[in-house]
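Below, read A as the first sequence line, B as the second, and so on, with proteins coming before strands; counting in each chain starts at 1.
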There are 2 protein chains.
Amino acid sequence: MTRDAAEVEAGPEAIRAARTSWRRRQIVEAATRLMEEQGFHDMLVSSLAREAGISVGTVYQYVNSKEGILLAVLEDVLDTYASEVPAAMAGLADPVERLAAGFLSYCRVIDAHRMAAVLAYRESHSLGREDLQRVIALEVATTGLLTAELEAGRAAGALRPHDPELVGWNLTMLAHMWALKHRHLGAYLDVDAYGRAQLSAVLCGLVVDAQRERYAALLEGPGSVAGPLAAPESLDGAR
Amino acid sequence: MTRDAAEVEAGPEAIRAARTSWRRRQIVEAATRLMEEQGFHDMLVSSLAREAGISVGTVYQYVNSKEGILLAVLEDVLDTYASEVPAAMAGLADPVERLAAGFLSYCRVIDAHRMAAVLAYRESHSLGREDLQRVIALEVATTGLLTAELEAGRAAGALRPHDPELVGWNLTMLAHMWALKHRHLGAYLDVDAYGRAQLSAVLCGLVVDAQRERYAALLEGPGSVAGPLAAPESLDGAR
DNA sequence: GTTTCAACTGAACCACCGTTCACACGAGGA
DNA sequence: TCCTCGTGTGAACGGTGGTTCAGTTGAAAC
């Protein structure tokens with residue numbers, strides 16, 4: 001209800017835009033909370049309005065339909081992937097290090113939006129054809145960030161010959177898995193331990209022998225999948 | 001409508017039982033077909049009846065509610081996992097071979113029930129608390145089949161130290177991935193190629209150096225992730 | 001104080017669909 | 001032929017919930 005200084009300074013259309021994005025954020029956050037426990041179809045628009053602290057009519061002033069709410073939630077999280085993952089890779093030159101940083105960042109974003117990640121699997125089929133295509137394109141784009149580094153790593157001779165597309169989807173899937181199987185995994189792992197364990201499991205089969213020492217830190221994950229080299233502070237205490 | 005010889009020979013309660021299972025199969029198959037394209041909530045009971053070639057009233061004679069239809073579909077596929085996977089491992093003694101056979105069989109069952117596997121992720125939250133617990137328990141049981149072999153392999157010294165629970169879920173997830181990401185993977189891989197590529201990728205990080213030669217066939221997957229040893233008939237032709 | 005207008009409200013509308021049930025059918029028995 | 005009963009039918013009922021819109025609010029302009 002109160003406007004901050006920046007809005008007062010700006011013109012009326014800027015105020016409008018600021019209010020719109022503020023309202024949409026209210027809606028997205030409330031919807032995410034409710035959908036997590038109820039799913040999209042069981043969430044009533046009236047419940048969403050109550051959860052967001054606004055009226056039903058106001059909801060419809062900022063989204064076209066109930067389906068628009070779902071789209072807003074999914075786009076919110078997919079946009080976060082698309083900005084956070086490249087940010088994590090920026091500044092690194094080595095393809096394998098870029099891959100590792102990107103994947104770990106992906107896992108962390110998933111962790112922060114765990115419910116939304118699950119919703120993407122549960123509910124995206126409720127979207128119209130066109131909106132579904134947009135969601136898929138955003139997901140493909142994020143996977144492509146990883147695939148590119150796999151190809152670069154192979155070209156640089158650091159990674160063995162492999163199918164970058166398949167491995168790229170594997171990494172994407174393993175990141176999503178943290179959300180999808182959180183019931184089973186979250187009980188005894190945290191995101192970072194999970195991400196590094198999975199990364200080392202994948203890289204173990206990929207890094208060429210000559211480079212194993214160079215990437216030892218990535219290969220000896222906390223899950224001690226790296227083999228004889230590593231017997232680091234084990235995770236067993238956390239179980 | 002026509003009874004076969006076996007039914008005529010049997011008593012009336014056997015005829016009843018046979019008709020019940022036949023009707024339920026009609027319903028499950030029609031529901032699977034419709035849910036694949038429409039999802040559970042958008043599938044009308046009246047559409048299901050039409051698709052199955054029966055009336056709405058008859059549907060309700062064989063299931064308690066719309067939710068019961070979903071449960072029947074999910075139990076159908078989960079029961080198939082639970083019978084096919086152990087069958088594939090039976091007769092093998094070596095833990096790594098049992099693991100491989102179980103995983104590949106799992107992938108094949110998923111392939112045959114691709115739509116139902118996706119439905120488990122999409123719609124299982126629509127089940128009641130109790131039914132959901134049963135579905136989860138069935139999934140945990142199937143993963144447990146793989147976890148047990150991982151532990152046996154480690155105990156036998158064939159596999160490096162690792163977290164069998166995490167790797168077990170990875171294998172489960174990779175099998176499900178064939179259904180979840182079929183849009184992207186099915187375009188250039190078939191199930192067997194997919195299963196062997198994933199299996200070799202996982203085993204590469206797990207098999208101890210001393211045993212690599214013994215399991216060479218499993219390690220040099222069709223994706224040629226196994227490294228310098230393997231340059232088998234490549235899959236590139238299929239792309 | 002009055003006017004104006006964008007933003008907000010929520011009760012009411014009505015289309016939709018899960019479920020029911022009164023009836024139809026037909027095979028076997030009397 | 002008539003009766004019985006297990007099975008199947010689908011129109012109709014009734015609750016639900018997405019969507020609308022006539023009315024309210026309150027801040028800014030004059």
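- In the set D/dT7, C/dG18, D/dT19, D/dT19 carries the atom at the smallest distance from any side-chain atom of A/Val56.
- In this structure, the nucleotide among D/dT19, D/dG8, C/dC8 sitting nearest to the side chain of A/Val45 is D/dT19.
- A/Lys66 places its NZ atom 9 Å from the P atom of D/dG17, with the value rounded to the nearest Å.
- Ion pairing between a basic and an acidic side chain is recognised when a charged N comes within 4.0 Å of a carboxylate O; A/Lys181 and B/Glu165 show no such pairing.
- To the nearest angstrom, C1' of D/dG18 lies 12 Å from CG of A/Leu48.
- Relative to the side chain of B/Tyr62, the nucleotides D/dG8, D/dT9, D/dT7 differ in distance, and D/dG8 lies closest.
- Here A/Glu75 pairs with A/Arg134 in a salt bridge; the nearest charged N to carboxylate O distance falls below 4.0 Å.
- The nucleotide whose nearest atom lies closest to any side-chain atom of A/Thr58 is, among D/dT7, C/dG18, C/dT9, C/dT9.
- A 4.5 Å side-chain heavy-atom check between A/Leu127 and A/Leu71 finds at least one atom pair inside the cut-off.
- Minimum atom distance to the side chain of A/Arg19 is reached by C/dC8, of the listed C/dC8, D/dT19, C/dG18.
- Distances from the side chain of B/Tyr60 to the nucleotides C/dA7, C/dT19, C/dT9 place C/dT19 closest.
- The distance from atom CD of A/Gln26 to atom P of C/dC8 is 9 Å, rounded to the nearest whole Å.
- The CG-P distance, from A/Leu34 to D/dG18, rounds to 12 Å in whole Å.
- Taking atom CG of A/Leu70 as the reference point, atom C1' of D/dG18 lies 15 Å away to the nearest angstrom.
- Taking atom CD1 on B/Ile15 and atom C1' on D/dC5, their separation rounds to 15 Å, with Å as the unit.
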- [ ] Verify side-chain contact (heavy atoms from CB on, under 4.5 Å) between A/Met89 and A/Leu99, making sure each step is shown before the conclusion.
- [x] CA-CA 7 Å; A/Met89 303 194 309; A/Leu99 181 72; over 6 Å; no

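- Between the P atom of C/dA7 and the CH2 atom of A/Trp22 lies a distance of 12 Å, rounded to the nearest Å.
- In this model, the phosphate group of C/dA7 is not approached by any side-chain N or O of A/Arg23 to a distance below 4.0 Å at OP1 or OP2.
- Nearest-nucleotide assignment on DNA chain D puts the 5′-proximal partner with B/Gln61, out of A/Asp42 and B/Gln61.
- Following rounding to the nearest Å, A/Asn64 (CG) and D/dT20 (P) show an atom-to-atom distance of 10 Å.
- We find that A/Arg25 and A/Glu29 are joined by a salt bridge, their nearest charged nitrogen and carboxylate oxygen being less than 4.0 Å apart.
- The side chain of B/Ile54 has D/dT9 as its nearest neighbour among D/dT9, C/dG18, D/dG18.
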